[in-house]
Amino acid sequence: MFSFLTKIFGDPSEKKLQLYRKELEAIKKIEAKYRDEITSLEQVQAKTHEFQSKFEGLDVTDDDDKKKIKEILETIKHEAFALHRRACELIHGQTFELDANTQYEWNMVPYDVQMLGALALHDGNISEMKTGEGKTLVATIAAYLNALVGNSVHIVTVNDYLARRDAKEMGIIYKALGLSVGVISHGQSFEEKKHSYSRDVVYATNNELGFDYLRDNMAVSDENRVMSTLWYAIIDEVDSILVDEARTPLIISAPSAEPTSQYMRFAAIARKLSENTDYKIDEKQKTATLTEEGINALEKILGVDNIYVSQHYNDIHHIENALKASTVYKKDIDYLLRNDEIMIIDEHTGRVLPGRRYSDGLHQAIEAKENATIQEESRTLASVTFQNYFRLYKKLSGMTGTAKTEEEEFYKIYNLEVICVPTNRPVIREDRGDLLFRSEKGKFDYITNLVEKLYEKGQPVLIGTVSVAKSEYLSHLLEQKNIPHNVLNAKHDSKEAEIVGAAGKYKAVTIATNMAGRGTDIKIDDRVRNLSGTVTIEGKAGKQEYPLGGLYIIGTEKHETRRIDNQLRGRSGRQGDPGLSQFMISPQDDIMRIFGGNKLFSILARFELHPENDPLVESKMLTRNIESIQKQVEGRNFDIRKHILEYDDVLNQHRLAIYARRNRILKGNDIHQEILDMLEHQIQSIVSSVYDIHNEIDSAYVTDIVKEINDFAESEVISRDDVDDVENPEDMLTRVKTLLSGKIENLRSQGDEETFSDFERQLTLASIDEMWMQHIDKMAHLREEVAFEGYAQKNPLVVYKERAYEGFMNLINDLEFRVIKALLTAKPAEAIESVELESALRSDYTETATASHEHTNLFQDASGGFPNIPKKEKTNSDESGIRVVKVQNTQSTPENIDMSNTPKNAQCPCGSGKKFKTCHGKNL
Ligand code: ADP
Ligand code: MG
């Protein structure tokens, strides 16, 4: 549809670019002026303060203010962009000390195309800029402008290493401009995080941000929260974060007590069932479903009449997990068994994901299948999808080298348009069509042979694989030929960045899965740039010629989506460098095996006698065929993500409502009126339900009401005399309400008002949290249940929405019931004590909780909760570990403080919250 509209109306992205080009001219005029006027960083910073003052008193969360803010941003935009470039000019060539061991020479002044990219970001678009175009710098321009508003701008990276790197390096320009910068990384203490979030620009991974958001909404008091208003986010590698990672939500969970013996039992049952008669598997969808016969068989084994009645509901879930575990999930492809532990292998990247677990009991089912120790299942305390997290920002934009193929999704789900920004220099890399081989083994033999020849000439090669297993296989082949090489499976982001960074060196051979070292710049030197000559491989079908020079990319397999292929190719040919890329295909490749179809095999049938390690002709038709397969897979994946979102959207409304209610309480507002409203709702429901039975005000009705109310309050709160003369249900409601609120007022007047108000808040908060966690669980079950409704020809989503609404109404009622009941039944002193105890327990609970994405535990050490995370990583003086030299720093730095008399175990004077001996006193 998009391309069709494009043909009629022209590429909208091109139109916007035209506008940005005009703006660029305006910016350049201001720049020329600034070159005379602004000659020092003091002047730059003064200008920044002048800009900042324009936003004073305005609040981004207020709709009217937001409009004004937008207008002011537009009026200062050109000046701010020009000032950024001017600041870059002023520090150009200067060396800064990032930390004790790292010097960094600033040598960047944004290119024109980078200014265009930044204009597109500021407008809330996705800037598609190829790898090596300098997106890191582009983000700083838009971040600078938007941070002037007075709220933090978040720059989102794919891993902790990149967050730290970018915060440090880009910290130079922010500080030159007079802004502060912070970095959020895993393992920071509460104080460190809180401090970092208060900076003008904050670098963080999507996971940390999402988890902090969830944890903040589990906090028991406002001081325990770390984040502030979610104003503007710029997402780097936006396709990876909003597309690849969007299929699974972020989850914070704590252990629960499902007996682990269950899993062994169902693994044994699964072995008794047979494929196709009892169950069917679908390798594409990774599902196993029982047939009618299978269900009968299961019922017989379990000794139940009807497995669909709800108390056996979980059994279906268990058996299907056991079946999936035994058929669809394969050892060494989907997971590894290492030291009695099942470790997931990421399907997109081929990395092993230590500590991550499949959800919903699947992981345990696999543990049972492999006879590994079964670990406990956990309970979800909070969860959110990235889609719904990032929609919380007032403004959003992103950058990546590869967004165009997912343009429709970005637009439909996030309302983000993709603007293709031209490269600074033309791309001269040669992207070849795919080579087809008869067998996978033959293909790898060819690749090994080719790499050997290239290596002899000094030609650097980067070889992309789809899995750890294939990386290792290829590595083994190269070893046999004595070709030195590096294998990267993204275990250590920083080390890996170093190795990938060197992949363009003379004679470098690097094998990498696709996420390995993403975000790292691969530079080539002149020797590699100017390599000459050709490597030729003669074959039966003709000869393949490979002209040398630049970086070579060999893809050993096509990925599920074109985008990931383009990522791989894009690692070569940066900034106008030479280079070449080619993919090698065989019928055993995943994408061919699972989605390939007949076309491929009809091609192959014609070449039965062809040698295996000799490519069949480079086939345009084949390449097109694969592309159409990829488009189908992309479409299917989009549907899955949309589906997840449709369901999460329902829960999201509940989440926002509950979080808003929590926030009001945390902000310390008095909620006494709210409590009285709850009381009224509760009485109303008792009064009307009794009235419904009797249908008139008579003696029996009054007796029943008195009984019900006293039962509810668990004491004689009213007597018959109190309500003997009421004439209608409204009267009854008013009367009972007056009596019960009188009781509550009485309670309130016994202590001081503030304590009571606090008590009301804590009580309500505790009820909200408990009920909310239960609700999340119920909704997860509901989702599974409605999947079965499909049999009844109903749209599961519609059923889900209806029942979710009921569920939410019940949640509200239940929590109000609990609060009012507690108020009516407890003695004040005891009640306050019990709530305090509970809130302490809850904060313990959240402390032992683990945070996970991809249904998995990212933080094995269970330090994910707030407050007081044990500190693991040591950071330097500044929150981003940056010490800027030469740039005037207006903040008081720890270096200005005399620390010589600080006792070792005292808090460090720098305010980090750490002990002196582990902070500034470390090296004394
Ligand atoms: P991308 O994220 O777009 O792949 P990076 O931000 O990693 O690119 O930048 C790639 C390289 O280009 C880095 O080494 C960076 O220092 C350099 N670079 C970026 N912008 C400029 C510039 N305006 N002038 C000189 N070098 C630049
Ligand atoms: Mg980058």
Side-chain angles (χ1 to χ4, degrees), residues 24 27 31 81 84-96 98 102-118 120-121 126-144 155-173 176 203 205-206 234-241 397-403 419-425 427 429 462 493 496-498 500-504 514-525 551 553 566-577 579:
L24 182 61
I27 294 169
E31 259 175 63
F81 275 43
H84 183 289
R85 240 193 192 171
R86 182 65 191 136
C88 286
E89 281 175 6
L90 288 171
I91 58 172
H92 192 268
Q94 289 185 40
T95 300
F96 300 86
L98 298 184
T102 327
Q103 303 272 319
Y104 187 91
E105 188 189 328
W106 187 269
N107 54 16
M108 293 185 281
V109 176
Y111 303 126
D112 283 355
V113 289
Q114 288 176 307
M115 301 296 275
L116 297 178
L121 287 184
I126 289 177
S127 290
E128 187 186 79
M129 299 179 73
K130 301 255 173 296
T131 322
E133 289 294 305
K135 291 185 282 295
T136 321
L137 182 65
V138 171
T140 65
I141 309 170
Y144 167 66
I155 301 187
V156 187
T157 62
V158 291
N159 61 46
D160 262 10
Y161 160 78
L162 290 172
R164 280 196 296 269
R165 182 198 72 179
D166 292 353
K168 271 189 198 177
E169 295 180 357
M170 297 304 120
I172 295 170
I173 184 62
Y203 284 82
T205 64
N206 48 328
I234 303 175
I235 308 177
D236 195 6
E237 309 281 3
V238 64
D239 57 322
S240 168
I241 290 173
S397 62
M399 343 181 263
T400 174
T402 45
I419 308 288
C420 299
V421 181
T423 53
N424 189 36
R425 295 192 184 150
V427 179
R429 179 190 68 232
L462 177 69
D493 289 321
E496 201 158 271
E498 203 178 294
V500 163
N514 87 67
M515 278 306 285
R518 196 161 172 185
T520 312
D521 194 27
I522 307 182
K523 288 214 163 81
I524 59 172
D525 55 25
L551 175 64
I553 303 291
N566 294 340
Q567 273 295 331
L568 182 62
R569 290 194 201 270
R571 288 179 170 247
S572 160
R574 299 174 169 210
Q575 293 284 345
D577 283 339

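Read the numbers this way: they start at 1 and go in the same order the structure lists the ligands and their atoms. Reckoned from all heavy atoms, side chains included, excluding hydrogens, waters and symmetry mates.
Comment: Asp577 does not engage Lys130 in a salt bridge, judged by the lack of any side-chain N to carboxylate O separation of less than 4.0 angstrom.
To the nearest 0.5 Å, the span separating CG on Asn566 from OG1 on Thr400 amounts to 10.0 Å. Rounding to the nearest 0.5 angstrom, the gap separating the CD1 atom in Ile234 from the CG atom in Leu121 is 5.5 Å. The structure places CD1 of Ile553 at 4.5 Å from CG of Leu551, a figure rounded to the nearest 0.5 Å.
Residues with a heavy atom under 4.0 Å from ligand 1: Asn107, Met108, Val109, Pro110, Tyr111, Gln114, Lys130, Thr131, Gly132, Glu133, Gly134, Lys135, Thr136, Leu137, Asp521, Lys523.
Remark: Thr520 pairs with Ala497, Val500 by the side-chain contact (heavy atoms from CB on, under 4.5 Å) rule, at least two apart or across chains.
In terms of modelled atom types and a separation under 3.5 Å, the side chain of Gln575 and the main chain of Gly132 share a donor-acceptor contact.
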